[in-house]
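Structure record follows, encoded as structure tokens.
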Amino acid sequence: MPELPEVETIARGVHQRLLGDRIVEAWFGSHKEPFKTPSARQAKGLEGRAILAVHRTGKHIVCELSAASGSLQCHPNAGLADEPTAQWIVHLGMTGRLLVSTPDAPQAPHTHARLTLASGRELRFVDPRRFGRLEFRDLSRGPGFTAPGVDPLTITAEDFAQLFHRRRLPIKAALLNQNLLSGVGNIYADESLFRARIRPRRLSGRLTRAELEALRLALSQVLEHAIRLGGSSVSDYVDADGVRGFFQLEHCVYLRAGLPCPLCQTPIRRILLAGRGTHYCPICQR
DNA sequence: ATATGGCCCTGGTTGC
DNA sequence: TGCAACCAGGGCCATA
């Protein structure tokens, strides 16, 4: 389940590889629309545009695109002068993958979109469960994509405290709410609460200022650490080159029900909270 | 403002 | 061994 570190890893990988490349042809599968923009309109909108930058906003991958050109060449100075005029926004849902492939690579089942690039490579979107979403935005007709919540890597102590105080819901549910922070999912909610030694069921508004600051620090540290390790491969997550991450080896509680807590050896407990499997140490987290 | 449950969807696991 | 029920959960929606 791609969360902030996995999405960041993929966005960086795609940026590094495809900067300056140009979309020659866009193919979309014909199953019932999993997309925000109808497939035909996306394909038409994407073709001919150069990739100026690829970055992460919340759990979304945003590709900044140039104006369309009839030329099939790559765009050697991409990003230096051009202002983007369109965006392609990818949300991976639970099982989505965005892969940079060579054209001869066999097409994985559940490939829903394939962008052929001027370099000959392809950018493929694969998503077995179809929880992912693809969207095309023409920036001459509307605003660029913005996440509803604040990025957990850059939020200040003051803003973090403001965001969570006086809310009457469990802190884990608040962490998962993308309208507050954008980018935190089930893995990093559980892992940051463990590192901050806070029980997931504690009400957000009942946390002290010190606890909230410990949580903010734990969250940003765990996210940064996970980005350095290329994310967590718990199900079948891979980056833009199909390479697995390593942060799952650093998990202290997530999917470790019954296994010993790394600090006190007490078996990790699993409960259901906000409809999500939730893992914590009953001794270390208060 | 918050809570709950359903929906989407497939693949892996469990149970008979 | 084979098949079906069940579970996983991010985001969104309707309802309470």
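Order of the sequence lines fixes the chain letters, A, B, ..., with proteins taken first and strands second; residue numbering starts at 1 for each chain.
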N/O (side chain, [X]) to phosphate O (OP1/OP2, [N]) under 4.0 Å:
{"X": "Arg276(A)", "N": "dA8(C)", "result": "no"}
{"X": "Arg167(A)", "N": "dT2(B)", "result": "yes"}
{"X": "His110(A)", "N": "dG11(B)", "result": "yes"}
{"X": "Gln178(A)", "N": "dG10(C)", "result": "no"}
{"X": "Arg133(A)", "N": "dG11(C)", "result": "no"}
{"X": "His91(A)", "N": "dG11(C)", "result": "yes"}
{"X": "Arg270(A)", "N": "dC7(C)", "result": "no"}

Would you kindly give the [atom1]-to-[atom2] distance between [X] and [N], to the nearest whole Å?
{"X": "Leu175(A)", "N": "dT2(B)", "atom1": "CG", "atom2": "C1'", "value": "16 Å"}
{"X": "Arg168(A)", "N": "dT4(B)", "atom1": "CZ", "atom2": "C1'", "value": "17 Å"}
{"X": "Arg130(A)", "N": "dG11(C)", "atom1": "CZ", "atom2": "C1'", "value": "17 Å"}
{"X": "Met94(A)", "N": "dA8(C)", "atom1": "CE", "atom2": "P", "value": "10 Å"}
{"X": "Asp127(A)", "N": "dG11(C)", "atom1": "CG", "atom2": "C1'", "value": "13 Å"}
{"X": "Glu3(A)", "N": "dG10(C)", "atom1": "CD", "atom2": "C1'", "value": "9 Å"}
{"X": "Leu272(A)", "N": "dG10(C)", "atom1": "CG", "atom2": "P", "value": "12 Å"}
{"X": "Leu181(A)", "N": "dG10(C)", "atom1": "CG", "atom2": "P", "value": "15 Å"}

Practice problem: For side chain to side chain contact (heavy atoms under 4.5 Å, CB included), just list the numbers for Ile89(A) and Ile61(A), CA-CA rounded to whole Å, side-chain angles, deciding distance to a tenth of an Å, and then say yes or no. | Solution: CA-CA 6 Å; Ile89(A) 301 133; Ile61(A) 299 163; over 6 Å; no

Practice problem: Determine if Phe131(A) stacks with dG11(C); use a centre-to-centre distance below 5.5 Å and an interplanar angle below 30° as the criteria. | Solution: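 Stacking between Phe131(A) and dG11(C): absent.
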
Quiz item: In terms of heavy-atom contacts, does CZ of Arg199(A) have more than 12 from other residues, nucleotides or ligands at under 6.0 Å?
Solution: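 Yes.
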
Quiz item: Within a radius of less than 6.0 Å around CZ of Arg206(A), do more than 12 heavy atoms belonging to other residues, nucleotides or ligands occur?
Solution: no

Quiz item: Side chain of Pro128(A): nearest nucleotide among dG10(C), dA3(B), dG11(B)?
Solution: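 Nearest to the side chain of Pro128(A) among the choices is dG11(B).
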
Quiz item: Does the separation of the ring centres of His225(A) and Phe247(A) fall below 6.0 angstrom?
Solution: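 Yes: the rings meet the under 6.0 Å criterion.
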
Quiz item: Should Thr95(A) and Asp127(A) be marked as a side-chain hydrogen bond (donor to acceptor under 3.5 Å, both in side chains) after you check the CA-CA gap, both sets of side-chain angles, and the distance that decides it?
Solution: CA-CA 6 Å; Thr95(A) 54; Asp127(A) 184 15; 2.6 Å; yes

